[in-house]
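I have placed the structure first, in the form of structure tokens, so that the comments after it can refer back to it.
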Amino acid sequence: MALVGTGLTTNRLILSHPSHGSVSVGLSDEGPSLRVQVWRDSAVAIHCGNEISGWLSDFLGHPCHLVRTGSGYQRPVNPDHAKPGDEVSFADGYPLLAIGESSLADLNDRIQEKGEDPVPIDRFRPNLIIADSKPYAEDRWRRFKVGSSAFRTAGACARCIITTTDQHTAERGLEPLRTLATYRRDPEQPTHINFGMNLINESKSGSLRLGDTISPTGAHP
């Protein structure tokens, strides 16, 4: 799936691959309902149609369907960190993820000390990339604002094998998990290797723009 290119127009989503052509689907909420399972959660989504599902199935070599959220889609955030009204789409468990540039730089310094190549930020798929902060400063924030939007953290993000997948070639290696495991294991759950912080949007709406200022409003002791 890393090799599937994506594009957006004002009213369509486009999927493509150099050797497989392209296919598109409209962005409206129209379509038949389909119940989907996202980890432990069950929700009602909207089927995007047979054409784009067939394109994906053929490319991936596995039968699948493309679905979208719609007006009837509801999936609550992990109850360990949720408040009433906190919802998430098809993401693992939380709406957003934040990582500091300096945190990645520190990780890559450790990787390069072992003679390995640094990893790019796309291995971690963050929504917010924070500049001009100290390494792992995001670990200590409880709440912060970006413009008029307020966020609270929902715990560290435990990383999986997807972080070892090159997003341009789909090839897998050992990094960054091998290095992260040496210094980023969760003290309470040692099988979890953490990097980045999960976020919940307390404002429930708003716009984020490149270059917006982040203002922490609370920190963990």
Any chain of hydrophobic side-chain contacts (each under 4.5 Å) joining [X] to [Y]?
{"X": "L60", "Y": "L3", "answer": "yes"}
{"X": "V67", "Y": "W39", "answer": "yes"}
{"X": "F59", "Y": "L15", "answer": "yes"}

Under 6.0 Å from the [atom1] atom of [X], do we count more than 12 heavy atoms belonging to anything else shown?
{"X": "D132", "atom1": "CG", "result": "no"}
{"X": "E51", "atom1": "CD", "result": "no"}
{"X": "D166", "atom1": "CG", "result": "yes"}
{"X": "Q37", "atom1": "CD", "result": "yes"}

Side-chain donor-acceptor pair under 3.5 Å between [X] and [Y], yes or no?
{"X": "R35", "Y": "S42", "value": "yes"}
{"X": "E138", "Y": "S103", "value": "yes"}
{"X": "R143", "Y": "T217", "value": "no"}

Quick check against the 3.5 Å criterion: does [X] have a side-chain atom that pairs as donor or acceptor with the backbone of [Y]?
{"X": "N108", "Y": "A105", "result": "no"}
{"X": "T163", "Y": "C160", "result": "yes"}
{"X": "R68", "Y": "I46", "result": "no"}
{"X": "Y94", "Y": "I200", "result": "no"}

When rounded to the nearest 0.5 angstrom, what is the spacing between OH in Y136 and CE in M197?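 Y136 atom OH to M197 atom CE measures 13.5 Å (nearest 0.5 Å).
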
Flag the pair F195 / Y183 as yes when their ring centroid distance falls below 6.0 Å, and as no otherwise.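 Ring centroids of F195 and Y183 are no less than 6.0 Å from each other.
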
Assess whether a salt bridge exists between D86 and K204, defined as any Lys/Arg side-chain N lying under 4.0 Å from an Asp/Glu carboxylate O.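 Looking at D86 and K204, the cut-off is met.
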
In terms of side-chain geometry, is the basic nitrogen of D139 or R184 positioned less than 4.0 Å from the acidic oxygen of its partner?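 Salt bridge: yes.
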
